[in-house]
4 protein chains.
Amino acid sequence: MGAVKARRMPRAVREQQMLDAAVRIFGQRGYTAASMDEIAELAGVSKPLVYLYLNSKEDLFTACIRREARALTEAVRAGVRPDLSADGQLWTGLRAFFTHTARNADAWAVLHLQARTHGERFAAEVTAMREEIVAFVTQLITAAARDVHRDPHLSEGEAAGLAEALVGAAESLADWAGTTEGVTAKQAAATLMNFAWAGLGDLMTGRPWSPPREPETEPVAQAG
Amino acid sequence: MGAVKARRMPRAVREQQMLDAAVRIFGQRGYTAASMDEIAELAGVSKPLVYLYLNSKEDLFTACIRREARALTEAVRAGVRPDLSADGQLWTGLRAFFTHTARNADAWAVLHLQARTHGERFAAEVTAMREEIVAFVTQLITAAARDVHRDPHLSEGEAAGLAEALVGAAESLADWAGTTEGVTAKQAAATLMNFAWAGLGDLMTGRPWSPPREPETEPVAQAG
Amino acid sequence: MGAVKARRMPRAVREQQMLDAAVRIFGQRGYTAASMDEIAELAGVSKPLVYLYLNSKEDLFTACIRREARALTEAVRAGVRPDLSADGQLWTGLRAFFTHTARNADAWAVLHLQARTHGERFAAEVTAMREEIVAFVTQLITAAARDVHRDPHLSEGEAAGLAEALVGAAESLADWAGTTEGVTAKQAAATLMNFAWAGLGDLMTGRPWSPPREPETEPVAQAG
Amino acid sequence: MGAVKARRMPRAVREQQMLDAAVRIFGQRGYTAASMDEIAELAGVSKPLVYLYLNSKEDLFTACIRREARALTEAVRAGVRPDLSADGQLWTGLRAFFTHTARNADAWAVLHLQARTHGERFAAEVTAMREEIVAFVTQLITAAARDVHRDPHLSEGEAAGLAEALVGAAESLADWAGTTEGVTAKQAAATLMNFAWAGLGDLMTGRPWSPPREPETEPVAQAG
DNA sequence: CATGAATGAGTCTTCATTCAT
DNA sequence: TATGAATGAAGACTCATTCAT
């Protein structure tokens with residue numbers, strides 16, 4: 001298991017091996033349950049070397065998050081075809097997204113589950129990436145609205161909410177596709193496009209779904 | 001801090017206090033970072049008593065998951081108005097869902113984040129609940145399709161995928177509403193209905209979004 | 001070795017046992033070389049209990065310093081006979097000092113060597129005690145000067161310097177008496193009284209030793 | 001930081017640079033807290049080179065002690081004017097001593113604090129130096145006694161005790177002068193001469209301070 | 001002569017868990 | 001019923017020390 005043990009490698013290479021191991025362990029065990037011992041062993045080095053290069057468990061985790069966040073955004077960016085229409089761009093972007101998350105399940109677990117569950121410092125790191133993506137999707141939605149009407153029915157706030165929903169759905173479907181046998185990235189993307197885009201289309205043509213009248217809305221507040 | 005110390009309470013009551021404390025700590029610190037010491041202190045009892053009643057950290061966590069999963073499904077079930085049409089039922093269900101998750105943020109964190117991040121045994125516990133909900137939503141979607149056509153365009157698999165997307169989006173929006181100031185449960189529900197339902201409607205009237213032709217789809221497989 | 005192992009002792013007692021052990025180990029091995037393992041073992045308890053009661057190595061060391069500093073000052077205070085003349089008070093105080101340090105060699109090593117060698121925080125703790133003693137000795141010296149003249153030849157600064165020298169000499173003699181076989185506390189005290197008091201007497205009668213004239217004094221500055 | 005990096009220096013020079021760095025670090029951090037990494041970095045060389053030249057941390061520390069002990073004794077020896085009377089010799093010796101310790105505070109910390117706190121092997125190294133000095137001072141005191149009487153009142157043991165006290169006071173005053181702003185070497189020396197010499201003078205003229213009668217002397221023994 | 005790469009061994013610290021009362 | 005006293009096991013982190021180049 002693991003890579004063949006090769007001693008005396010240049011620092012940069014060893015660092016990547018360590019990050020590979022760390023992403024795998026963090027993704028599978030979770031941040032706290034992951035032990036530096038295990039990571040070092042999987043990386044084929046001794047623990048002190050991990051500390052020498054990556055400083056601490058926190059820093060190591062942060063390095064994982066950064067590397068994988070960058071890898072994911074770049075994969076998506078590379079997938080998007082800017083010459084297509086808004087829905088075409090979304091489609092290709094989603095395909096890239098699902099492909100990347102499915103191929104890098106541990107990295108996705110690190111970003112989507114672990115990083116958000118172990119302290120603000122880590123969460124902030126992913127939030128940056130996520131916001132970048134949400135902003136991009138908001139643009140796409142707004143652009144699409146412009147394609148249909150000169151005078152869009154869509155406020156900025158609404159567009160942001162919809163983007164949030166779309167990204168959220170994508171994230172959940174990524175988990176689903178990663179967990180469920182026989183669901184391809186393409187299928188996941190198609191499902192999401194079907195689910196959302198047609199609806200958005202309707203929305204933009206001025207036929208939004210509207211809730212029935214009702215008397216009262218209680219305020220939302222945390223109980224405990 | 002914590003509850004007022006009252007001795008000699010009936011076992012059932014004490015147990016609930018412990019679960020209250022545990023949900024709070026697990027939700028805020030995460031499963032591994034949560035310490036039995038802290039939980040016992042917040043519950044206002046000594047640690048051995050926690051062990052006497054709840055057996056072990058794992059069992060305690062499982063008990064939390066079960067209690068909160070049941071509470072959530074019951075809240076949703078209670079929210080749904082079975083006398084309404086499919087979209088009406090979905091709307092009221094979502095409202096109940098967002099209201100409950102917003103009011104019980106720690107419980108939601110336990111179910112949505114913690115339980116899925118710390119071992120199969122816990123994950124399975126939530127999965128059961130989730131599947132129940134997905135099945136219910138699948139029914140609603142199928143029912144809605146029947147309402148529109150006698151001869152639905154919607155395969156079972158498609159309906160399941162859409163339900164998955166909808167539930168996923170709902171989960172993400174629950175996080176979003178819990179995190180973002182000034183977003184009410186009602187708004188979250190409306191956003192999701194707008195996002196999805198109109199699209200589904202389109203879908204059901206036979207105008208699905210369709211991807212452009214392309215030659216090739218690579219299979220999805222985990223790299224590492 | 002160590003005390004007979006008795007389980008289930010009240011906290012206060014156990015704490016003192018731990019401090020006893022800690023003083024011994026810290027005094028003999030030094031702060032850094034002392035291991036919590038060894039201290040716990042000598043105290044007859046497990047390491048976690050040491051942490052439960054004393055918090056950390058730093059806190060444990062601080063507790064040692066405080067306890068021993070208090071014990072030493074109290075021993076000296078109890079030794080001084082306030083009804084005697086200044087030289088009588090000094091004599092009895094020194095006797096008490098040498099007796100206590102000789103009987104508690106490890107404690108003396110903690111206070112005199114270890115506490116001053118491992119960070120400001122610890123050093124400050126002993127400095128407080130030392131300043132108290134120096135101030136007391138300064139008073140004695142000044143009082144003695146008043147006994148001899150109405151109009152003392154002794155400035156405040158000079159008195160402080162002399163007190164510093166006397167205390168310093170006492171500290172060194174304590175090491176010496178502790179190390180050298182066959183030197184009693186009484187002898188050490190007598191040596192110091194002989195060494196110093198007669199000289200101070202001379203000083204106070206206005207016959208100070210004076211350095212020969214010389215042309216030049218270079219300023220003192222740290223090289224590195 | 002550290003010395004300018006110059007490669008390919010003769011071994012002797014490099015060794016001195018290493019010792020310079022080591023004395024500084026050992027003096028400031030203490031033996032155990034000092035890390036070979038830091039020493040090597042401050043010396044401007046790689047760690048393996050330190051090991052190549054100085055063998056081990058213990059050997060390095062020993063080398064420091066030896067070099068600085070020799071430097072100190074030589075400074076004192078060079079300061080003493082053998083053509084002067086006994087008190088003149090003591091005065092000039094003390095001046096040299098305080099000047100050297102003040103100018104080499106780290107070296108003094110190594111000798112006075114660190115070497116005595118980290119194992120017999122190191123302590124022995126300084127003890128040798130100290131005994132040499134004490135012996136020299138004993139001679140001075142005896143010589144001074146001879147200057148006053150043909151038939152000295154001073155036994156050998158008494159002279160040794162007094163020398164011990166004087167040296168001890170000098171050591172403590174060295175710390176004091178090193179720590180307290182505005183105290184020069186000359187002042188420290190004068191304080192000590194005033195404190196001691198006049199007293200010794202008295203002593204030698206046959207008027208020793210004598211303790212009051214008292215019934216009992218308890219034997220001194222270590223408690224623990 | 002000189003060093004970047006690498007580690008075995010050990011330290012402080014924490015936590016889930018259990019007795020004895 | 002309830003708890004103060006106590007611990008085995010494990011994890012993060014550091015350091016003196018050595019190869020291989």
Side-chain angles (χ1 to χ4, degrees), chain A residues 5-11 13-15 32-40 43-60, chain B residues 5 7-11 14 32-40 44-60, chain C residues 5-11 13-15 32-40 43-60, chain D residues 5 7-11 14 32-40 44-60:
Chain A
K5 209 159 189 177
R7 311 214 161 239
R8 301 274 147 184
M9 329 228 345
R11 172 169 179 153
V13 176
R14 268 280 135 93
E15 259 185 41
T32 7
S35 93
M36 295 298 272
D37 270 297
E38 204 179 0
I39 291 171
V45 297
S46 71
K47 223 186 337 173
L49 201 61
V50 178
Y51 278 91
L52 187 61
Y53 287 175
L54 274 318
N55 236 357
S56 72
K57 196 184 186 184
E58 285 207 347
D59 283 7
L60 172 58
Chain B
K5 208 158 188 176
R7 312 211 163 236
R8 301 271 155 187
M9 322 213 11
R11 168 161 182 159
R14 270 275 144 95
T32 6
S35 88
M36 296 298 272
D37 271 289
E38 206 179 358
I39 290 171
V45 298
S46 72
K47 235 185 324 175
L49 200 60
V50 178
Y51 278 89
L52 187 62
Y53 285 177
L54 275 316
N55 229 0
S56 73
K57 197 186 187 184
E58 286 207 344
D59 284 5
L60 173 56
Chain C
K5 210 160 189 176
R7 312 213 160 241
R8 300 273 148 184
M9 328 229 344
R11 172 168 179 155
V13 176
R14 268 279 136 93
E15 259 186 40
T32 8
S35 93
M36 295 298 272
D37 270 294
E38 204 179 1
I39 291 172
V45 297
S46 72
K47 228 187 332 172
L49 201 61
V50 178
Y51 278 90
L52 187 62
Y53 287 175
L54 274 317
N55 238 354
S56 72
K57 196 183 186 184
E58 285 207 346
D59 283 7
L60 173 57
Chain D
K5 209 158 189 176
R7 312 211 163 235
R8 300 275 155 185
M9 323 212 13
R11 169 161 182 160
R14 271 274 144 94
T32 8
S35 89
M36 296 297 272
D37 270 291
E38 206 178 358
I39 291 172
V45 297
S46 73
K47 234 185 326 174
L49 200 59
V50 178
Y51 279 88
L52 187 63
Y53 285 177
L54 275 318
N55 229 1
S56 74
K57 196 185 187 184
E58 286 207 343
D59 284 5
L60 172 58

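Values below: every heavy atom of this structure, side chains too, minus hydrogens, waters and symmetry copies. Every chain is numbered from 1, with letters handed out A, B, ... down the list of sequences.
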Check: Any side-chain heavy atom of K57(B) within less than 4.5 Å of one from I39(B)?
Finding: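 Side-chain contact under 4.5 Å: no.
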Atom pair distance, as rounded to whole Å: [atom1] in [X] and [atom2] in [N]:
| X | N | atom1 | atom2 | result |
| --- | --- | --- | --- | --- |
| Y53(A) | dC13(F) | OH | P | 18 Å |
| M9(A) | dA6(E) | CE | P | 8 Å |
| I39(B) | dC15(E) | CD1 | C1' | 12 Å |
| E38(C) | dC12(E) | CD | P | 10 Å |

Notebook entry, point to check: Considering all heavy atoms of both residues, which atom of L52(C) and which atom of R11(C) are nearest to each other, and what is their separation?
Noted result: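 That would be O-NH2, 4.2 Å.
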Note to self: For A40(D) versus V50(D), what's the shortest heavy-atom pair and its separation?
What the structure shows: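 Shortest heavy-atom contact: CB-CG2, 3.9 Å.
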Next item on the list: For D37(A), check side chain to side chain donor-acceptor pair (under 3.5 Å) against everything at least two apart and list the hits.
Entry: K47(A)
Checklist line | Closest to side chain of R14(C), choosing from dT7(E), dT3(E), dA6(F) | finding: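 Between dT7(E), dT3(E), dA6(F), the one nearest the side chain of R14(C) would be dA6(F).
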Next item on the list: Just compare dT1(F), dA6(F), dA6(E) and give me whichever is closest to any side-chain atom of L52(B).
Entry: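 From the listed options, dT1(F) comes nearest.
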Checklist line | Results of side-chain contact (heavy atoms from CB on, under 4.5 Å) for D59(C) - residues two or more places apart only | finding: N55(C), S56(C), R121(C)
Next item on the list: Report the residues that fulfil side-chain contact (heavy atoms from CB on, under 4.5 Å) with E38(B), sequence neighbours left out, ordered by chain and then residue number.
Entry: I25(B), R29(B), S35(B)
Margin query: Classify R11(A) by what it touches in the nucleic acid, base, sugar-phosphate, or nothing, heavy-atom distance under 4.0 Å.
Written below: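 The answer is sugar-phosphate, as R11(A) gets under 4.0 Å only of primed atoms, P, OP1 or OP2.
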Next item on the list: Nearest 0.5 Å please: distance from the CG atom of L60(B) over to the OH atom of Y51(B).
Entry: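 So the gap between those two atoms works out to 8.5 Å.
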Next item on the list: Produce a footprint string for nucleotides 15-21 of chain F: one letter per nucleotide, 5' end first; B if the base is under 4.0 Å from any protein heavy atom, S if only the sugar-phosphate is, - if neither.
Entry: BSBBBS-
Check: Hey, where does DNA chain F pair up into stems, meaning at least three consecutive Watson-Crick or G-U pairs with distances under 3.5 Å?
Finding: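 Stems found: E:2-21 with F:2-21.
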